[in-house]
Amino acid sequence: MSEKELRRSLAVLPIGTVMKLTSLTARQIRYYESQELIKPERSDGNRRLYSLNDIDRLLEIKDYIDEGLNMAGIREIYTQKQLEKQQIKEQLTKSLTDDDVRKILRDELLRESGFGQINQASNSQPPLQKPF
DNA sequence: TTTCTAACA
DNA sequence: TGTTAGGA
């Protein structure tokens, strides 16, 4: 996470500030939390602390409600969005794996060409038993 | 003073 | 969602 993202996710705002920044009532803000649309931190004597990201999300929630969505509908949007992120992560991991495979194939070709001894030190892959 | 939980004329 | 009670 970049420092910028860390700052935006730092929960330091009390509900009173959030009310002014979003024009929502404390009742609404707490209700959206009960619907799992936001997850503010807690501290002090059980007081809620919100981050700038929470502010953005609350403003988005207002728009979604204006568009006629209910709590469940909005929640689906966010849960689906986090699933997409998870899939992107998996794809990235798969991509890196393919790159490793490419390195291995390259070294196999070098070995078969009789240049096995000039293996690059950058490749930490152990030699294969049976090159094809 | 501000915020919290729970509950409803 | 509003509003209020009773505490922290």
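Note on naming: letters A, B, ... go to the chains in the order of the sequence lines (proteins, then strands), and numbering restarts at 1 for each one.
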Shorter than 3.5 Å, N or O on both sides, protein versus nucleotides 7-9 of chain B: list them out with atom names.
none

Worksheet item: Under 4.0 Å between a side-chain N or O of A:Asn46 and OP1 or OP2 of B:dT3?
Response: no

Fill in: Euclidean distance, atom OH of residue A:Tyr31 to atom P of B:dT3 [Å, nearest integer]
22 Å

Worksheet item: Does a distance-only test, which skips hydrogens and angles, find a donor-acceptor pair under 3.5 Å between the side chain of A:Arg47 and the base of B:dT2?
Response: yes

Worksheet item: If we only count heavy atoms from C-beta on, is the A:Ile29 to A:Ile38 side-chain gap below 4.5 Å?
Response: yes

Worksheet entry | Under 4.0 angstrom between A:Arg48 side-chain N/O and B:dT3 OP1 or OP2 | no

Practice prompt. Send over the distance from A:Leu49 CG to B:dT2 C1', rounded to a whole Å.
Written response: 13 Å

Worksheet item: What is the distance from CE of A:Met19 to P of B:dC4, rounded to the nearest Å?
Response: 10 Å

Worksheet item: In whole angstroms, how far is the C1' atom of C:dG2 from the CD1 atom of A:Ile29?
Response: 14 Å

Item to complete: Grab the two heavy atoms, one from A:Lys39 and one from A:Asp54, that are nearest each other, plus how far apart they are.
Response: NZ-OD1, 4.1 Å

Worksheet item: Please give, in whole Å, the distance from C:dG2 P to A:Tyr32 OH?
Response: 8 Å

Discussion item. Once you apply a heavy-atom cut-off of 4.0 Å, does A:Gly16 come out as touching a base, just sugar-phosphate, or nothing?
Written reply: sugar-phosphate

Discussion item. Rounding to an integer number of Å, can you tell me how far A:Arg30 CZ sits from B:dT3 P?
Written reply: 8 Å

Practice prompt. Using only heavy-atom distances, determine whether the side chains of A:Gln91 and A:Gln87 contain a donor-acceptor pair under 3.5 Å.
Written response: no

Worksheet item: Under a 3.5 Å cutoff on both atom distances, Watson-Crick or G-U, what's the dot-bracket for DNA chain C ([ ] crossing, | other strand)?
Response: .|||||.|

Practice prompt. Could you check how far CD of A:Glu33 sits from C1' of B:dC4, rounded to whole Å?
Written response: 11 Å

Fill in: Any side-chain heavy-atom pair of A:Arg48 and A:Arg30 under 4.5 Å
yes

Discussion item. I'd like to know if the side chain of A:Thr25 pairs up with that of A:Gln28 as donor and acceptor (distance under 3.5 Å, no hydrogens or angles considered).
Written reply: yes

Worksheet item: Just how far, in rounded Å, is C1' of C:dA8 from CZ of A:Arg42?
Response: 13 Å

Discussion item. Less than 4.5 Å apart, side chain to side chain, heavy atoms only: is that true for A:Arg75 and A:Gln35?
Written reply: yes

Worksheet item: Do A:Leu24 and A:Val18 touch side chain to side chain, with heavy atoms closer than 4.5 Å?
Response: no

Practice prompt. Give the minimum heavy-atom separation between A:Pro14 and A:Tyr50, together with the two atoms involved.
Written response: C-CD1, 4.3 Å

Worksheet item: Among the clusters formed by ILVMFWY side chains lying less than 4.5 Å apart, do A:Leu21 and A:Leu49 turn up in the same one?
Response: no

